[in-house]
2 protein chains.
Amino acid sequence: MDDSIAFDVFDRQCPSRGTLEHVTGRWGSLTLGALYESGSRFNELRRRVDGVSEKMLSQTLHALERDGLVHRDAQPTNPPRVDYELTPLGREVAERLLGLIRLVEGRMPEVLAARGRYDATRGSERAGRGGR
Amino acid sequence: MDDSIAFDVFDRQCPSRGTLEHVTGRWGSLTLGALYESGSRFNELRRRVDGVSEKMLSQTLHALERDGLVHRDAQPTNPPRVDYELTPLGREVAERLLGLIRLVEGRMPEVLAARGRYDATRGSERAGRGGR
DNA sequence: CTGTATCCTGCCGGATACTG
DNA sequence: CAGTATCCGGCAGGATACAG
């Protein structure tokens with residue numbers, strides 16, 4: 001039988017689109033990347049993912065936990081201690097993500113050069129937003 | 001010698017962060033994914049990337065072109081014809097991206113199952129936004 | 001067909017305060 | 001420490017109209 005066609009992220013109706021956005025989103029990718037290198041506690045993560053607010057980190061972690069990519073281990077001690085770590089699926093996703101991140105980081109000289117050329121051509125008209 | 005430390009996406013000051021966001025962003029990832037399978041013209045892309053508006057597609061393409069990931073080939077014919085295709089660097093990025101996309105699509109059953117469990121536990125309190 | 005310009009709204013996400 | 005609750009400004013991004 002055919003259970004195919006399955007999930008297509010190019011279809012805006014498909015739930016995979018939402019998950020992809022959780023994973024590739026602004027904070028999702030960095031959070032997964034940070035967790036890949038070592039399981040962490042909340043404020044540890046907050047420090048590694050430079051610039052994230054408490055609110056967004058919390059929100060991001062919940063979304064990733066819900067999608068089964070992150071496991072949350074809360075210990076009812078005092079003071080409370082909570083450890084976050086990737087699930088097996090989360091690891092697989094994070095590996096791809098890290099590959100992408102390393103690639104981008106490694107090729108930034110090329111990117112920067114391309115930007116220079118583009119901006120020179122267009123007399124510094126803006127296209128997309130600069131770079132944050 | 002040491003030109004190291006180089007680019008670190010975890011640092012919010014680093015320009016690589018901006019590029020990563022162009023690449024993984026809501027429309028960036030889908031646009032690169034669509035372009036990987038075949039160079040396309042504007043409205044062709046618009047159809048493949050279900051849900052994108054003219055404005056956002058245009059904006060996304062410009063950002064990717066500026067970063068040197070997409071090449072724009074405009075022919076001054078009438079009616080005008082413009083072809084977009086990935087640069088070599090763009091291809092490398094898109095490959096990783098596609099790998100990630102395929103992985104997510106293929107594992108959606110697990111993701112959906114995890115969501116079900118999560119929502120059951122939390123009595124349907126919302127965490128992150130559902131899925132869009 | 002391939003875009004750009006303009007308007008407008010929703011919601012992303014930062015700041016702050018508070019709880020266990 | 002580990003979060004949640006609330007407020008609210010800015011901008012992402014959709015709709016529409018227009019241009020080459």
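As the structure is a computational prediction, the values presented were derived from the model and not from experiment. Within every chain, numbering begins at 1; the chains are lettered A, B, ... in the order of the sequence lines, protein sequences first and strands thereafter.
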- prompt: Ignoring hydrogens and geometry, is there a side-chain-to-backbone donor-acceptor pair from A/T60 to A/G28 under 3.5 Å?
  reply: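 A pair under 3.5 Å: no.
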
message: By nearest atom, which of the nucleotides D/dG14, C/dG14, C/dC1 is closest to the B/W27 side chain?
response: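 Nearest listed nucleotide: D/dG14.
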
Between [X] ([atom1]) and [N] ([atom2]), how many Å, whole number?
{"X": "A/D83", "N": "D/dA2", "atom1": "CG", "atom2": "C1'", "result": "12 Å"}
{"X": "B/E54", "N": "D/dT16", "atom1": "CD", "atom2": "P", "result": "12 Å"}
{"X": "A/E44", "N": "D/dC1", "atom1": "CD", "atom2": "C1'", "result": "12 Å"}
{"X": "A/M56", "N": "D/dA2", "atom1": "CE", "atom2": "C1'", "result": "17 Å"}
{"X": "B/E65", "N": "C/dT2", "atom1": "CD", "atom2": "P", "result": "15 Å"}

Carboxylate-amine/guanidinium proximity below 4.0 Å for [X] and [Y]:
{"X": "B/R81", "Y": "B/D83", "answer": "yes"}
{"X": "B/R72", "Y": "B/E85", "answer": "no"}
{"X": "B/D11", "Y": "B/R17", "answer": "no"}

Under 4.0 angstrom between [X] side-chain N/O and [N] OP1 or OP2:
{"X": "B/Y84", "N": "C/dG3", "result": "yes"}
{"X": "B/R26", "N": "D/dG13", "result": "yes"}
{"X": "B/N43", "N": "C/dT2", "result": "yes"}
{"X": "A/H62", "N": "D/dT4", "result": "yes"}
{"X": "B/S53", "N": "D/dA15", "result": "no"}

- prompt: Given that A/V82 and B/G51 both sit by DNA chain D, which one's nearest nucleotide is further toward the 5' end?
  reply: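 Nearest nucleotide further toward 5': that of A/V82.
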
- prompt: Start at the 5' end of DNA chain D and walk down; is the nucleotide closest to A/K55 or to A/P80 reached first?
  reply: A/P80

statement: One would report the end-axis bend of the helix from C/dC1-D/dG20 to C/dG20-D/dC1, five pairs per end and rounded to 10 degrees, as 50°

task: May I ask you to check if B/R91 and B/Y36 form a cation-pi contact, with NZ or CZ under 6.0 angstrom from the six-membered ring centre and within 45° of the axis?
output: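 Ring-cation test returns yes.
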
- prompt: Which class fits the ring pair A/H62 and B/Y118: parallel under 30°, tilted 30 to 60°, perpendicular over 60°?
  reply: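 Perpendicular.
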
task: Find out whether B/V111 and A/L89 are in side-chain contact, i.e. whether some heavy atom of one side chain is under 4.5 Å from a heavy atom of the other.
output: yes

